[in-house]
Amino acid sequence: MALLGFASQQAVASTTDYTKYVDPFIGNADNGHTFPGACRPFGMIQTSPVTGAVGWRYCAEYVYSDSIIWGFTQDHLNGTGCMDLGDILVMPSTGKRTRSWDGYRSRFNKAQEIATPGYYSVYLSDAKVKAELTASPHVAFHRYTYDSTDSTSVLIDLQHGPAWNDKQYHSQVNVCDTRWEDAYTLVGHVQNTVWVKQDYFFVLKFNRPVASHIKLAKAADTEKGHRIVATFDGIGQGEQLLMKVAMSTTSVDGAKKNLAAEVPHWDFAAVKRAAHDEWNTYLKRIDVDGTEEQKKNYYTSFYHALIQPNQIADVDGMYRNAADKIVKAETGQFYSTFSCWDTYRAAHPFYTIVMPERVDGMVSSLVEQAEVQGFLPIWALWGKENYCMVGNHAVSIVAEAYHKGFRGFDAERAFQAIKNTQTISHKLKSHWETYNKYGYLPTDVVKSESVSSSLESMYDDYCAADMARLMGKKHDQQYFARRSQFYKNLFDKSTGFMRPRLSDGTWKTPFDPNSLAHAESIGGDYTEGNAWQYTWQVQHDIPGLIKLFGGEKPFLKKLDQFFSLQLKSNLADVTGLIGQYAHGNEPSHHVAYLYTLAGRPWRTQELIRQIFDTQYRPTVDGLCGNDDCGQMSAWYMLSAMGFYPVNPVSAQYVFGAPQIKKITVHLQNGKTFTVIANGLSEANKYVESITLNGKKLSKNYIDHAAIMNGGTLVYKMTSKKMHDKH
């Protein structure tokens, strides 16, 4: 009977359409910065509509409340707080459209806007065109159905790109070289600079010949890019125009290879179906037994977490590296779009459980880039470094993979990359001589983000020490372990905060722990946060932090204040507030779990329920902050299972409380790991006991190895607060 039951479950998994629970419109409001368009898991292409491109709210180029579509671009960032990509804007139209900057923009019918994994469709009311988008990993595929036969055309805007302000938007293109190879095919090379200097090559091919094409006149002297209008004859009402756009970082020939390998035909339905099937193959790795709303939240989170990192190497493995050289990826694939400051916390731990076959490739890509630029990527995009955020948490990503037993990368080279990253100063983001001299970064020497930079680097030192320990490198282990304890130098016992310190050892005054600072705020000592939020940034040594406070009772008292004292945030990135806790920004993400580590697990369990109820909803404004390349989503998925990696490199997941009655992970080693929340209800939000494969657990965490060995984790839920030793 057991075998029959398993076979039945497998049959259900193989036939279930998990994509129906994904809503790409979730997070499309002002601050979620997600996009609704079509892409593949970890693909290079994300083809999606543009409703705006200037200013912070348009990092993903789309805000759901807008009523006008500018066009469709072929690549996008998912849930970031900065902007780039948004390349090759195209827009179909009919009629004699004005040849002005915005003459091709169109109102659209919200009731006819559809988005599912791998497919997007909308009806453009002014343009009188139904536009449909799908994608392969390197190719965007568009299908336009024209409702009018009057002057059918397509605008191709190679100047377009998102930017902080209108002036930047007009001038970002450095090189734009295009040519028509024949009546069907436009090829080109564009170089622009927004977040990084980006070179892309493209092949844009229609299934009908272009009758004529013109370049729009420059609207301003600052414009360097091209805007081309291609017109078509003989398209009757209700007939279709198909267009494919293949991209490459290497060359037009590279783009052509990608096109020939992935979409050599004109069967739009086949590409759409393949995109759907690939997404379903990944989504079915997790079975969620919950409400429709929970499934929608969970599978959309799963979807968002798999949009990146992006595999940008061509089908033959060639890519443009950080030194602008065309090289072959050592594994045949090269991943970029690493928002490491965000994703090391939960997204990469999630990949090690659910996507282990990708982990070695991601680590190898980080190491390859490190060997070119001299240090592991801080924030990698399009194979380049943008130096965004503080610390260097690719160190954590590499060390975590090694600790968890991944060996599909060269460990010696990987550790050397870590060592170089943590010891050799480089442009903008490291000051190791100063750090070593003082045991912290003095605020009068390092003028910005001194506390955050110090604390984030101290965690990375711990990660380096852990990998050195496992590799038997005792000298390196001791060196980095000693530095990982530098956090004690920034703790002011008189105030109970991690506080900016001067080079003479005195504390900076005046001091306001409520004062928020942004990464770009010169003089601010914290990164997108304040002293309240950064005091807990000691993920690797919570017992040591508790000791600094004088024990668990004063530590818990401070935590209580943290979650109760109201913060009025004036920063767009500091959102999702519960007291001083800001779920919309990553430095807070582990803090609710500190109650468990300090002997009050019921308070963690309360807070996890509160965060689930208030910060995640299956609506366009359902994310309380940027999704941040899947980090917000990964927090949700792991926390729904009742645990979270407070310290990712430890390979331990601290217990909270499950939020869905049953979740089954189909592990890639052929085993299954099932989480069951017996008695879970609105009232029963506390955990009475936990068993793994029938054996009661006394620890406040579960090991990664225990998860990967498969089995059943059962939480017995109750309405009573349990196990408070205080």
Between [X] and [Y], is there a donor-acceptor pair closer than 3.5 Å when you use the side chain of the first and the backbone of the second?
X	Y	answer
R320	T249	yes
E385	I378	yes
D410	E412	yes
S484	A481	yes
N585	E528	yes
N258	V315	yes
Y319	Q311	no
T134	G118	yes
Q308	C629	yes
T34	G27	yes

Item checked: Aromatic plane relationship, F375 with H426 - under 30° parallel, 30 to 60° tilted, over 60° perpendicular ->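 If you compare the ring of H426 with that of F375, the planes turn out parallel.
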Item checked: Derivation and outcome, salt bridge (Lys or Arg N to Asp or Glu O under 4.0 Å), residues E330 and R413 -> CA-CA 13 Å; E330 293 179 13; R413 288 171 59 196; 2.9 Å; yes
Say you draw a straight line from [atom1] of [X] to [atom2] of [Y]; how long is it, rounded to the nearest 0.5 Å?
X	Y	atom1	atom2	result
H666	I286	NE2	CD1	9.0 Å
M708	D703	CE	CG	13.0 Å
N78	D627	CG	CG	5.0 Å
Q294	F612	CD	CZ	8.5 Å
M318	S248	CE	OG	9.5 Å
H393	S396	NE2	OG	7.5 Å

So, do [X] and [Y] sit near enough that their side-chain heavy atoms are less than 4.5 Å apart?
X	Y	answer
I663	Y298	yes
H589	E586	yes
P137	M44	no
W379	W341	no
M632	H583	yes
D541	Y487	yes
V398	I418	yes
D17	H276	yes

Notebook entry, point to check: For D84 and L77, what are the C-alpha separation, side-chain angles and deciding distance, and is it a side-chain contact (heavy atoms from CB on, under 4.5 Å)?
Noted result: CA-CA 7 Å; D84 208 320; L77 291 167; 4.1 Å; yes
Next item on the list: Applying ring pair (Phe, Tyr, Trp, His ring centres under 6.0 Å) between W279 and each of F42, Y303, Y18, report the one that passes.
Entry: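 Single ring pair (Phe, Tyr, Trp, His ring centres under 6.0 Å) partner of W279 among F42, Y303, Y18: Y303.
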Next item on the list: Inspect the surroundings of NZ in K328 and state if more than 12 heavy atoms from other residues, nucleotides or ligands are less than 6.0 Å away.
Entry: no
Checklist line | Exceeds 12 heavy-atom contacts within 6.0 angstrom, atom NZ of K661 | finding: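 Count not over threshold, so no.
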Over all atoms of both residues, closest heavy-atom pair of [X] and [Y]:
X	Y	result
Y335	P309	CD2-O, 4.0 Å
T80	D628	CA-OD1, 4.2 Å
V194	P162	CG1-O, 3.6 Å
N386	L381	ND2-CB, 4.3 Å
N28	P36	OD1-CB, 3.5 Å
P618	E293	CG-CG, 3.5 Å

Note to self: Is there a side chain to side chain donor-acceptor pair (under 3.5 Å) between D461 and Q422? Walk through the geometry before answering.
What the structure shows: CA-CA 7 Å; D461 280 332; Q422 291 299 105; 2.9 Å; yes
Next item on the list: Could you give me the CA-CA distance, side-chain angles and deciding distance for Y715 and L697, then say whether side-chain contact (heavy atoms from CB on, under 4.5 Å) is met?
Entry: CA-CA 10 Å; Y715 298 82; L697 296 181; over 6 Å; no
Next item on the list: Before giving the answer on salt bridge (Lys or Arg N to Asp or Glu O under 4.0 Å), spell out for E357 and R285 the whole-Å C-alpha distance, their side-chain angles and the decisive distance to 0.1 Å.
Entry: CA-CA 13 Å; E357 77 278 11; R285 294 185 180 191; 2.8 Å; yes
For residues 638-651, run the donor-acceptor check on the side chains, cut-off 3.5 Å, and write out each pair with its distance to 0.1 Å, sequence neighbours left out.
unit_1	atom_1	unit_2	atom_2	d
S639	OG	Y593	OH	2.8
S639	OG	W635	O	2.9
Y644	OH	Q631	NE2	3.4
N647	OD1	Y459	OH	2.8
N647	OD1	V649	N	3.3
N647	ND2	Y462	OH	3.1
S650	OG	N647	O	2.7
S650	OG	Q652	N	3.2

Would a line drawn from the ring center of [X] to the ring center of [Y] be shorter than 6.0 Å?
X	Y	value
Y653	Y701	no
F302	F350	yes
Y62	H76	no

Margin query: The criterion is ring pair (Phe, Tyr, Trp, His ring centres under 6.0 Å); which residues satisfy it with H33, sequence neighbours excluded?
Written below: W56
Next item on the list: Determine, step by step, whether V271 and R273 satisfy the side-chain contact (heavy atoms from CB on, under 4.5 Å) criterion, reporting the C-alpha distance in whole Å, the side-chain angles of both residues, the deciding distance to 0.1 Å, and the verdict.
Entry: CA-CA 5 Å; V271 177; R273 184 169 57 252; over 6 Å; no
Next item on the list: Any chance you could lay out the side chain to side chain donor-acceptor pair (under 3.5 Å) test for S457 and D460, step after step, and finish with the verdict?
Entry: CA-CA 5 Å; S457 295; D460 294 334; 5.2 Å; no
Margin query: Which residue is it: L376, L366, N310? I am looking for the one with a side-chain contact (heavy atoms from CB on, under 4.5 Å) to F338.
Written below: L366
Check: Given the rule in the salt bridge (Lys or Arg N to Asp or Glu O under 4.0 Å) test, do E262 and R40 qualify, once you have shown the distances and angles that lead to the verdict?
Finding: CA-CA 12 Å; E262 294 180 0; R40 293 289 189 93; over 6 Å; no
Next item on the list: Output yes when E292 and K296 qualify as a salt bridge under the 4.0 Å nitrogen-oxygen rule, no when they do not.
Entry: no
Item checked: side chain to side chain donor-acceptor pair (under 3.5 Å) assessment of D314 paired with H138 -> CA-CA 8 Å; D314 293 338; H138 295 85; 5.0 Å; no
Item checked: Steps toward side-chain contact (heavy atoms from CB on, under 4.5 Å) verdict (V687, F655) -> CA-CA 10 Å; V687 178; F655 285 127; over 6 Å; no
